[in-house]
There are 2 protein chains.
Amino acid sequence: MPRVGLNPAAVVAAGAALADEVGFANLTMGLLAEQVGVRTPSLYKHVGGQEDLNRRIAALALNEAADAVGGAIQGYAGRDALAAAARAFRAFVVEHPGRYAATIGMEPSGPDDPLATAGERLLGAFMAVLRGYEIGESDLDHALRMLRSLWHGFATLQAANGFQWSADIDESFEWLIAFADRGLRAL
Amino acid sequence: MPRVGLNPAAVVAAGAALADEVGFANLTMGLLAEQVGVRTPSLYKHVGGQEDLNRRIAALALNEAADAVGGAIQGYAGRDALAAAARAFRAFVVEHPGRYAATIGMEPSGPDDPLATAGERLLGAFMAVLRGYEIGESDLDHALRMLRSLWHGFATLQAANGFQWSADIDESFEWLIAFADRGLRAL
DNA sequence: AGCTTTAGGTAATGGTATTAGCTTTTAGCT
DNA sequence: AGCTAAAAGCTAATACCATTACCTAAAGCT
(Lines give C-alpha, C1' and ligand atoms only; values in the text may rest on other atoms or scores of the structure.)
Protein backbone atom coordinates (compact mmCIF):
# COMPACT_ATOMS: atom_id res chain seq x y z
CA MET A 1 0.00 0.00 0.00
CA PRO A 2 1.96 2.98 -1.22
CA ARG A 3 1.22 6.11 0.71
CA VAL A 4 -0.50 8.87 -1.18
CA GLY A 5 0.74 11.65 1.08
CA LEU A 6 -2.56 13.33 1.79
CA ASN A 7 -3.23 16.04 4.32
CA PRO A 8 -6.35 17.88 5.40
CA ALA A 9 -5.78 20.81 3.07
CA ALA A 10 -5.31 18.55 0.05
CA VAL A 11 -8.45 16.58 0.87
CA VAL A 12 -10.49 19.76 1.26
CA ALA A 13 -9.10 21.22 -1.96
CA ALA A 14 -9.92 18.03 -3.84
CA GLY A 15 -13.38 18.03 -2.29
CA ALA A 16 -13.97 21.61 -3.41
CA ALA A 17 -12.80 20.83 -6.92
CA LEU A 18 -15.00 17.76 -7.05
CA ALA A 19 -17.98 19.74 -5.79
CA ASP A 20 -17.45 22.23 -8.61
CA GLU A 21 -17.36 19.36 -11.06
CA VAL A 22 -20.27 17.15 -9.98
CA GLY A 23 -22.31 19.58 -7.92
CA PHE A 24 -22.23 20.04 -4.19
CA ALA A 25 -25.26 17.84 -3.64
CA ASN A 26 -23.49 14.94 -5.36
CA LEU A 27 -20.27 15.26 -3.39
CA THR A 28 -19.89 12.01 -1.51
CA MET A 29 -17.14 10.63 0.66
CA GLY A 30 -16.75 7.62 -1.60
CA LEU A 31 -16.43 9.74 -4.71
CA LEU A 32 -13.87 11.99 -3.07
CA ALA A 33 -11.89 8.98 -1.85
CA GLU A 34 -11.80 7.57 -5.36
CA GLN A 35 -10.72 10.95 -6.70
CA VAL A 36 -7.72 11.20 -4.38
CA GLY A 37 -6.83 7.53 -4.81
CA VAL A 38 -7.67 6.17 -1.41
CA ARG A 39 -10.35 4.01 0.24
CA THR A 40 -13.24 5.86 1.84
CA PRO A 41 -12.43 5.30 5.53
CA SER A 42 -8.92 6.68 5.04
CA LEU A 43 -10.40 10.13 4.51
CA TYR A 44 -11.34 10.16 8.17
CA LYS A 45 -7.65 10.44 9.01
CA HIS A 46 -7.74 13.95 7.55
CA VAL A 47 -11.25 15.29 8.05
CA GLY A 48 -13.78 14.61 10.75
CA GLY A 49 -16.48 13.42 8.38
CA GLN A 50 -18.86 14.73 5.80
CA GLU A 51 -20.13 17.60 7.91
CA ASP A 52 -16.60 18.69 8.75
CA LEU A 53 -15.57 18.40 5.11
CA ASN A 54 -18.50 20.55 4.01
CA ARG A 55 -17.65 23.21 6.56
CA ARG A 56 -14.04 23.29 5.46
CA ILE A 57 -15.01 23.55 1.81
CA ALA A 58 -17.33 26.42 2.72
CA ALA A 59 -14.57 28.19 4.65
CA LEU A 60 -12.18 27.70 1.74
CA ALA A 61 -14.74 29.11 -0.67
CA LEU A 62 -15.40 32.18 1.47
CA ASN A 63 -11.69 32.84 1.84
CA GLU A 64 -11.14 32.50 -1.89
CA ALA A 65 -14.08 34.76 -2.59
CA ALA A 66 -12.72 37.32 -0.14
CA ASP A 67 -9.33 37.15 -1.87
CA ALA A 68 -10.91 37.56 -5.28
CA VAL A 69 -13.06 40.51 -4.26
CA GLY A 70 -10.37 42.11 -2.14
CA GLY A 71 -7.85 41.81 -4.96
CA ALA A 72 -10.22 43.12 -7.58
CA ILE A 73 -10.93 46.39 -5.81
CA GLN A 74 -7.29 47.30 -5.24
CA GLY A 75 -6.69 50.75 -6.63
CA TYR A 76 -10.32 51.48 -7.31
CA ALA A 77 -12.92 53.49 -5.44
CA GLY A 78 -16.55 54.44 -5.80
CA ARG A 79 -18.37 53.03 -8.75
CA ASP A 80 -15.28 51.38 -10.19
CA ALA A 81 -14.67 49.51 -6.95
CA LEU A 82 -18.32 48.49 -6.74
CA ALA A 83 -18.26 47.15 -10.29
CA ALA A 84 -14.96 45.35 -9.78
CA ALA A 85 -16.16 43.73 -6.56
CA ALA A 86 -19.46 42.65 -8.04
CA ARG A 87 -17.87 41.19 -11.14
CA ALA A 88 -15.21 39.37 -9.18
CA PHE A 89 -17.78 37.92 -6.83
CA ARG A 90 -20.04 36.73 -9.59
CA ALA A 91 -17.14 35.31 -11.57
CA PHE A 92 -16.07 33.34 -8.55
CA VAL A 93 -19.54 31.89 -7.99
CA VAL A 94 -19.97 31.01 -11.65
CA GLU A 95 -16.56 29.36 -11.87
CA HIS A 96 -16.89 27.55 -8.54
CA PRO A 97 -20.58 26.80 -8.11
CA GLY A 98 -20.00 23.66 -6.06
CA ARG A 99 -17.84 25.14 -3.36
CA TYR A 100 -19.98 28.26 -3.18
CA ALA A 101 -23.06 26.11 -2.74
CA ALA A 102 -21.34 24.67 0.33
CA THR A 103 -21.53 28.10 1.97
CA ILE A 104 -25.30 28.41 1.57
CA GLY A 105 -27.13 27.67 4.76
CA MET A 106 -23.93 26.99 6.66
CA GLU A 107 -23.81 28.88 9.92
CA PRO A 108 -20.66 29.30 12.01
CA SER A 109 -20.62 27.26 15.20
CA GLY A 110 -18.86 29.96 17.18
CA PRO A 111 -16.94 33.21 16.98
CA ASP A 112 -13.59 31.50 16.34
CA ASP A 113 -14.96 29.11 13.74
CA PRO A 114 -12.77 29.48 10.62
CA LEU A 115 -16.02 29.76 8.74
CA ALA A 116 -16.91 32.90 10.69
CA THR A 117 -13.48 34.39 10.06
CA ALA A 118 -13.73 33.72 6.35
CA GLY A 119 -17.20 35.22 6.20
CA GLU A 120 -15.98 38.34 7.94
CA ARG A 121 -13.15 38.67 5.45
CA LEU A 122 -15.62 38.67 2.59
CA LEU A 123 -17.80 41.17 4.40
CA GLY A 124 -14.73 43.32 4.97
CA ALA A 125 -14.06 43.43 1.25
CA PHE A 126 -17.58 44.64 0.58
CA MET A 127 -17.27 47.13 3.41
CA ALA A 128 -14.17 48.53 1.73
CA VAL A 129 -16.28 49.20 -1.35
CA LEU A 130 -18.81 51.11 0.72
CA ARG A 131 -16.09 53.34 2.12
CA GLY A 132 -15.80 54.84 -1.34
CA TYR A 133 -19.28 56.31 -0.94
CA GLU A 134 -20.39 58.98 1.43
CA ILE A 135 -22.66 56.91 3.59
CA GLY A 136 -23.83 57.88 7.05
CA GLU A 137 -22.95 55.66 9.96
CA SER A 138 -26.57 54.64 10.44
CA ASP A 139 -26.89 53.46 6.85
CA LEU A 140 -23.66 51.48 6.63
CA ASP A 141 -24.89 48.17 8.01
CA HIS A 142 -28.05 48.31 5.95
CA ALA A 143 -26.11 49.12 2.80
CA LEU A 144 -23.76 46.24 3.45
CA ARG A 145 -26.67 43.85 3.80
CA MET A 146 -28.17 45.26 0.64
CA LEU A 147 -25.02 44.58 -1.35
CA ARG A 148 -24.69 41.14 0.09
CA SER A 149 -28.30 40.23 -0.61
CA LEU A 150 -28.12 41.58 -4.13
CA TRP A 151 -24.93 39.80 -5.20
CA HIS A 152 -25.71 36.63 -3.33
CA GLY A 153 -29.22 36.53 -4.73
CA PHE A 154 -28.13 37.16 -8.28
CA ALA A 155 -25.27 34.68 -8.13
CA THR A 156 -27.31 31.87 -6.60
CA LEU A 157 -30.18 32.43 -8.99
CA GLN A 158 -27.84 32.32 -11.93
CA ALA A 159 -26.01 29.27 -10.60
CA ALA A 160 -29.37 27.50 -10.27
CA ASN A 161 -30.32 28.53 -13.80
CA GLY A 162 -33.08 30.52 -12.18
CA PHE A 163 -33.34 33.01 -15.02
CA GLN A 164 -35.17 30.89 -17.51
CA TRP A 165 -35.50 33.24 -20.47
CA SER A 166 -31.76 33.30 -20.16
CA ALA A 167 -30.74 36.02 -22.60
CA ASP A 168 -28.67 38.97 -21.52
CA ILE A 169 -27.70 37.86 -18.06
CA ASP A 170 -24.45 39.79 -18.32
CA GLU A 171 -26.36 42.88 -19.33
CA SER A 172 -28.70 42.48 -16.38
CA PHE A 173 -25.74 42.22 -14.06
CA GLU A 174 -24.18 45.42 -15.34
CA TRP A 175 -27.58 47.06 -14.96
CA LEU A 176 -27.65 45.87 -11.35
CA ILE A 177 -24.26 47.42 -10.69
CA ALA A 178 -25.40 50.74 -12.09
CA PHE A 179 -28.60 50.55 -10.08
CA ALA A 180 -26.75 49.89 -6.83
CA ASP A 181 -24.25 52.62 -7.59
CA ARG A 182 -26.93 55.25 -8.19
CA GLY A 183 -28.71 54.21 -5.01
CA LEU A 184 -25.57 54.34 -2.90
CA ARG A 185 -24.57 57.75 -4.25
CA ALA A 186 -28.03 59.07 -3.46
CA LEU A 187 -27.58 58.34 0.22
CA MET B 1 -54.28 -2.65 7.65
CA PRO B 2 -56.72 0.21 7.58
CA ARG B 3 -56.21 2.51 4.65
CA VAL B 4 -55.04 5.98 5.43
CA GLY B 5 -56.50 7.54 2.32
CA LEU B 6 -53.42 9.31 1.07
CA ASN B 7 -52.93 10.98 -2.26
CA PRO B 8 -50.03 12.78 -3.90
CA ALA B 9 -51.19 16.22 -2.79
CA ALA B 10 -51.55 15.13 0.83
CA VAL B 11 -48.12 13.53 0.83
CA VAL B 12 -46.51 16.62 -0.66
CA ALA B 13 -48.32 18.90 1.79
CA ALA B 14 -47.20 16.76 4.71
CA GLY B 15 -43.67 16.74 3.33
CA ALA B 16 -43.65 20.52 3.07
CA ALA B 17 -44.96 20.88 6.61
CA LEU B 18 -42.38 18.44 7.88
CA ALA B 19 -39.61 20.27 6.03
CA ASP B 20 -40.67 23.48 7.73
CA GLU B 21 -40.55 21.72 11.07
CA VAL B 22 -37.31 19.75 10.91
CA GLY B 23 -35.47 21.56 8.12
CA PHE B 24 -35.35 20.62 4.49
CA ALA B 25 -32.02 18.85 4.84
CA ASN B 26 -33.50 16.56 7.48
CA LEU B 27 -36.58 15.65 5.49
CA THR B 28 -36.37 11.92 4.94
CA MET B 29 -38.73 9.44 3.36
CA GLY B 30 -38.88 7.42 6.56
CA LEU B 31 -39.71 10.45 8.68
CA LEU B 32 -42.42 11.53 6.28
CA ALA B 33 -43.89 8.02 6.22
CA GLU B 34 -44.03 7.98 10.00
CA GLN B 35 -45.66 11.40 9.99
CA VAL B 36 -48.48 10.34 7.68
CA GLY B 37 -48.91 7.00 9.43
CA VAL B 38 -47.63 4.62 6.78
CA ARG B 39 -44.56 2.47 6.10
CA THR B 40 -41.85 4.00 3.96
CA PRO B 41 -42.33 2.05 0.72
CA SER B 42 -46.01 2.98 0.62
CA LEU B 43 -45.04 6.56 -0.14
CA TYR B 44 -43.86 5.41 -3.55
CA LYS B 45 -47.49 4.82 -4.49
CA HIS B 46 -47.99 8.58 -4.42
CA VAL B 47 -44.67 10.18 -5.33
CA GLY B 48 -41.90 8.95 -7.55
CA GLY B 49 -39.20 9.15 -4.90
CA GLN B 50 -37.22 11.66 -2.93
CA GLU B 51 -36.23 13.73 -5.93
CA ASP B 52 -39.81 13.89 -7.16
CA LEU B 53 -41.04 14.76 -3.68
CA ASN B 54 -38.53 17.58 -3.41
CA ARG B 55 -39.55 19.01 -6.75
CA ARG B 56 -43.22 18.90 -5.81
CA ILE B 57 -42.54 20.59 -2.51
CA ALA B 58 -40.61 23.28 -4.35
CA ALA B 59 -43.44 23.80 -6.82
CA LEU B 60 -45.93 24.00 -3.96
CA ALA B 61 -43.77 26.56 -2.20
CA LEU B 62 -43.43 28.73 -5.31
CA ASN B 63 -47.17 28.61 -5.93
CA GLU B 64 -47.91 29.53 -2.32
CA ALA B 65 -45.39 32.35 -2.46
CA ALA B 66 -46.96 33.61 -5.66
CA ASP B 67 -50.38 33.52 -4.01
CA ALA B 68 -49.09 35.35 -0.96
CA VAL B 69 -47.34 38.06 -2.96
CA GLY B 70 -50.15 38.37 -5.47
CA GLY B 71 -52.72 38.69 -2.74
CA ALA B 72 -50.71 41.18 -0.76
CA ILE B 73 -50.42 43.69 -3.57
CA GLN B 74 -54.13 43.77 -4.38
CA GLY B 75 -55.31 47.34 -4.28
CA TYR B 76 -51.85 48.82 -3.94
CA ALA B 77 -49.52 50.43 -6.42
CA GLY B 78 -46.11 51.99 -6.49
CA ARG B 79 -44.20 52.01 -3.26
CA ASP B 80 -47.08 50.52 -1.29
CA ALA B 81 -47.26 47.57 -3.64
CA LEU B 82 -43.50 47.11 -3.53
CA ALA B 83 -43.49 47.10 0.27
CA ALA B 84 -46.46 44.76 0.47
CA ALA B 85 -44.90 42.33 -1.98
CA ALA B 86 -41.54 42.36 -0.26
CA ARG B 87 -43.02 41.86 3.20
CA ALA B 88 -45.32 39.10 2.03
CA PHE B 89 -42.46 37.31 0.33
CA ARG B 90 -40.17 37.52 3.32
CA ALA B 91 -42.95 36.51 5.71
CA PHE B 92 -43.57 33.45 3.60
CA VAL B 93 -39.91 32.45 3.63
CA VAL B 94 -39.57 33.02 7.36
CA GLU B 95 -42.74 31.06 8.15
CA HIS B 96 -41.95 28.26 5.71
CA PRO B 97 -38.17 27.98 5.64
CA GLY B 98 -38.18 24.27 4.87
CA ARG B 99 -40.34 24.34 1.78
CA TYR B 100 -38.66 27.49 0.49
CA ALA B 101 -35.28 25.82 0.91
CA ALA B 102 -36.56 23.13 -1.46
CA THR B 103 -36.73 25.74 -4.21
CA ILE B 104 -33.09 26.79 -3.89
CA GLY B 105 -30.98 25.35 -6.64
CA MET B 106 -33.90 23.49 -8.17
CA GLU B 107 -34.07 24.02 -11.90
CA PRO B 108 -37.11 23.18 -14.03
CA SER B 109 -36.63 20.16 -16.25
CA GLY B 110 -38.62 21.67 -19.11
CA PRO B 111 -41.01 24.41 -20.11
CA ASP B 112 -44.10 22.50 -18.93
CA ASP B 113 -42.57 21.45 -15.63
CA PRO B 114 -45.00 22.55 -12.87
CA LEU B 115 -41.98 24.03 -11.20
CA ALA B 116 -41.45 26.37 -14.13
CA THR B 117 -45.10 27.37 -14.12
CA ALA B 118 -44.99 28.13 -10.41
CA GLY B 119 -41.84 30.17 -10.83
CA GLU B 120 -43.44 32.17 -13.59
CA ARG B 121 -46.44 32.89 -11.38
CA LEU B 122 -44.16 34.34 -8.72
CA LEU B 123 -42.36 36.38 -11.34
CA GLY B 124 -45.70 37.63 -12.58
CA ALA B 125 -46.55 38.92 -9.14
CA PHE B 126 -43.32 40.89 -9.00
CA MET B 127 -43.92 42.14 -12.52
CA ALA B 128 -47.28 43.50 -11.38
CA VAL B 129 -45.40 45.54 -8.79
CA LEU B 130 -43.14 47.00 -11.45
CA ARG B 131 -46.12 48.13 -13.49
CA GLY B 132 -46.77 50.67 -10.77
CA TYR B 133 -43.55 52.44 -11.71
CA GLU B 134 -42.79 54.27 -14.88
CA ILE B 135 -40.17 51.96 -16.26
CA GLY B 136 -39.08 51.84 -19.85
CA GLU B 137 -39.51 48.63 -21.77
CA SER B 138 -35.76 48.08 -21.97
CA ASP B 139 -35.37 48.29 -18.19
CA LEU B 140 -38.25 46.01 -17.23
CA ASP B 141 -36.50 42.66 -17.39
CA HIS B 142 -33.46 44.00 -15.59
CA ALA B 143 -35.59 45.55 -12.88
CA LEU B 144 -37.46 42.30 -12.42
CA ARG B 145 -34.23 40.40 -11.99
CA MET B 146 -33.03 43.02 -9.55
CA LEU B 147 -36.11 42.62 -7.37
CA ARG B 148 -35.89 38.89 -7.50
CA SER B 149 -32.21 38.83 -6.64
CA LEU B 150 -32.69 41.28 -3.80
CA TRP B 151 -35.58 39.51 -2.08
CA HIS B 152 -34.29 36.05 -2.75
CA GLY B 153 -30.85 36.98 -1.49
CA PHE B 154 -32.12 38.63 1.63
CA ALA B 155 -34.54 35.83 2.42
CA THR B 156 -32.04 33.03 1.92
CA LEU B 157 -29.37 34.84 3.89
CA GLN B 158 -31.76 35.39 6.75
CA ALA B 159 -33.08 31.83 6.61
CA ALA B 160 -29.49 30.60 6.82
CA ASN B 161 -28.81 32.91 9.74
CA GLY B 162 -26.33 34.59 7.45
CA PHE B 163 -26.53 37.93 9.21
CA GLN B 164 -24.46 37.09 12.23
CA TRP B 165 -24.58 40.37 14.14
CA SER B 166 -28.27 39.71 13.96
CA ALA B 167 -29.78 42.88 15.38
CA ASP B 168 -32.20 44.99 13.38
CA ILE B 169 -32.93 42.61 10.54
CA ASP B 170 -36.43 44.02 10.23
CA GLU B 171 -35.02 47.50 10.05
CA SER B 172 -32.59 46.47 7.34
CA PHE B 173 -35.42 44.98 5.36
CA GLU B 174 -37.47 48.15 5.48
CA TRP B 175 -34.35 50.03 4.46
CA LEU B 176 -34.01 47.70 1.49
CA ILE B 177 -37.58 48.39 0.43
CA ALA B 178 -36.98 52.13 0.54
CA PHE B 179 -33.73 51.72 -1.36
CA ALA B 180 -35.37 49.71 -4.12
CA ASP B 181 -38.29 52.12 -4.31
CA ARG B 182 -36.04 55.15 -4.72
CA GLY B 183 -34.04 53.38 -7.38
CA LEU B 184 -37.10 52.29 -9.33
CA ARG B 185 -38.64 55.76 -9.22
CA ALA B 186 -35.40 57.22 -10.52
CA LEU B 187 -35.64 55.19 -13.69
C1' DA C 1 18.50 -1.04 14.20
C1' DG C 2 14.50 -0.38 17.02
C1' DC C 3 10.51 2.25 18.36
C1' DT C 4 6.64 5.36 17.79
C1' DT C 5 3.54 7.71 15.09
C1' DT C 6 0.31 7.66 11.56
C1' DA C 7 -1.56 7.02 6.80
C1' DG C 8 -3.71 3.62 4.89
C1' DG C 9 -6.49 -0.83 4.60
C1' DT C 10 -10.33 -4.40 5.74
C1' DA C 11 -14.44 -5.64 8.08
C1' DA C 12 -18.55 -4.49 10.20
C1' DT C 13 -22.61 -1.48 11.60
C1' DG C 14 -26.47 1.44 10.96
C1' DG C 15 -29.21 4.32 8.29
C1' DT C 16 -31.12 5.63 3.89
C1' DA C 17 -33.64 5.18 -0.62
C1' DT C 18 -35.54 2.09 -3.61
C1' DT C 19 -37.55 -2.18 -5.90
C1' DA C 20 -40.10 -6.60 -6.03
C1' DG C 21 -43.75 -9.08 -4.94
C1' DC C 22 -47.72 -10.11 -1.97
C1' DT C 23 -52.27 -8.93 0.32
C1' DT C 24 -56.31 -6.54 1.11
C1' DT C 25 -59.20 -2.78 0.68
C1' DT C 26 -62.02 -0.05 -2.21
C1' DA C 27 -64.21 1.65 -6.21
C1' DG C 28 -66.60 0.58 -10.37
C1' DC C 29 -69.47 -2.15 -13.00
C1' DT C 30 -73.25 -5.50 -13.97
C1' DA D 1 -75.86 -7.15 -3.97
C1' DG D 2 -72.00 -9.44 -5.91
C1' DC D 3 -67.90 -9.63 -8.90
C1' DT D 4 -63.73 -7.79 -10.59
C1' DA D 5 -59.77 -5.06 -11.10
C1' DA D 6 -57.12 -1.18 -9.77
C1' DA D 7 -54.78 0.74 -6.15
C1' DA D 8 -53.01 1.30 -1.33
C1' DG D 9 -50.70 -0.73 1.87
C1' DC D 10 -47.43 -4.25 3.68
C1' DT D 11 -42.91 -7.27 4.26
C1' DA D 12 -38.59 -8.60 2.48
C1' DA D 13 -34.62 -7.68 0.04
C1' DT D 14 -31.04 -4.83 -2.30
C1' DA D 15 -27.82 -1.19 -2.83
C1' DC D 16 -25.44 2.70 -1.36
C1' DC D 17 -23.54 5.83 1.97
C1' DA D 18 -21.31 7.45 6.28
C1' DT D 19 -19.02 5.99 10.04
C1' DT D 20 -16.40 3.16 13.54
C1' DA D 21 -13.20 -0.46 15.21
C1' DC D 22 -9.34 -2.54 14.54
C1' DC D 23 -5.30 -4.14 11.92
C1' DT D 24 -0.95 -3.28 8.91
C1' DA D 25 2.76 -1.13 7.12
C1' DA D 26 5.26 3.07 5.93
C1' DA D 27 8.01 7.08 7.72
C1' DG D 28 10.36 9.47 10.92
C1' DC D 29 13.13 9.72 15.10
C1' DT D 30 16.63 8.18 18.61
Side-chain angles (χ1 to χ4, degrees), chain A residues 1-60 98-99 101-106 109 115, chain B residues 1-60 98-99 101-106 109 115:
Chain A
M1 324 94 206
R3 290 224 180 169
V4 182
L6 286 182
N7 54 58
V11 169
V12 172
L18 193 53
D20 288 339
E21 193 180 333
V22 304
F24 179 64
N26 300 318
L27 175 63
T28 165
M29 295 294 278
L31 199 60
L32 176 56
E34 189 181 4
Q35 184 77 15
V36 300
V38 107
R39 299 307 178 98
T40 308
S42 303
L43 292 179
Y44 290 79
K45 293 294 161 81
H46 305 290
V47 296
Q50 179 116 66
E51 187 59 30
D52 179 51
L53 173 69
N54 292 348
R55 297 182 72 80
R56 287 175 192 243
I57 290 176
L60 173 67
R99 70 189 69 187
T103 70
I104 300 174
M106 184 88 63
S109 61
L115 191 63
Chain B
M1 325 96 204
R3 291 222 178 167
V4 182
L6 287 181
N7 54 59
V11 169
V12 171
L18 193 53
D20 288 339
E21 193 180 333
V22 305
F24 179 65
N26 300 317
L27 176 62
T28 164
M29 295 293 279
L31 199 60
L32 176 55
E34 188 181 4
Q35 184 78 14
V36 301
V38 108
R39 300 306 179 99
T40 308
S42 304
L43 292 179
Y44 289 78
K45 293 296 161 87
H46 305 289
V47 295
Q50 180 116 65
E51 186 60 29
D52 179 50
L53 173 69
N54 292 348
R55 295 183 73 81
R56 287 173 191 245
I57 291 176
L60 173 67
R99 69 189 71 187
T103 70
I104 300 175
M106 182 89 62
S109 61
L115 191 63

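Chain identifiers are assigned alphabetically (A, B, ...) following the order of the sequence lines, protein sequences preceding nucleic acid strands; residue numbering begins at 1 within each chain. The analysis underlying the following values was restricted to heavy atoms, covering all of them including side chains, and did not include hydrogens, waters or symmetry mates.
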* Is any side-chain N or O of A:His46 closer than 4.0 Å to OP1 or OP2 of C:dT6? ->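 Result: no.
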
* Phosphate oxygens OP1/OP2 of D:dA18: is one of them under 4.0 Å from a side-chain N or O of A:Thr28? ->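 Answer yes for this pair, as a side-chain N or O of A:Thr28 is under 4.0 Å from OP1 or OP2.
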
Starting the side chain at C-beta, find the nucleotide from [options] nearest to [X].
| X | options | answer |
| --- | --- | --- |
| A:Arg3 | C:dT6, D:dA18, D:dG9 | C:dT6 |
| A:Val38 | C:dG9, D:dT19, C:dT18 | C:dG9 |
| B:Ser42 | C:dA7, D:dT11, D:dG9 | D:dG9 |
| B:Pro41 | C:dT18, D:dG9, C:dT10 | C:dT18 |

Rounded to whole Å, please give me the gap between [atom1] in [X] and [atom2] in [N].
| X | N | atom1 | atom2 | result |
| --- | --- | --- | --- | --- |
| A:Asn54 | D:dA18 | CG | P | 10 Å |
| B:Asn7 | C:dA27 | CG | P | 13 Å |
| A:Arg39 | C:dT6 | CZ | P | 24 Å |
| B:Lys45 | C:dT24 | NZ | C1' | 11 Å |
| A:Leu6 | C:dG9 | CG | P | 9 Å |
| B:Leu43 | D:dC10 | CG | C1' | 13 Å |
| B:Met29 | D:dC16 | CE | C1' | 16 Å |
| B:Gln50 | C:dT18 | CD | C1' | 11 Å |

* Structure fact -> Applying the Watson-Crick and G-U criteria (both distances under 3.5 angstrom) with [ ] for crossing and | for other-strand pairs, one obtains for DNA chain C ||||||||||||||||||||||||||||||

* Asked: Got a second to check how far A:Asp20's CG is from A:Leu27's CG, nearest 0.5 Å?
  ->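 Rounded to the nearest 0.5 Å, the CG-CG separation comes out at 10.0 Å.
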
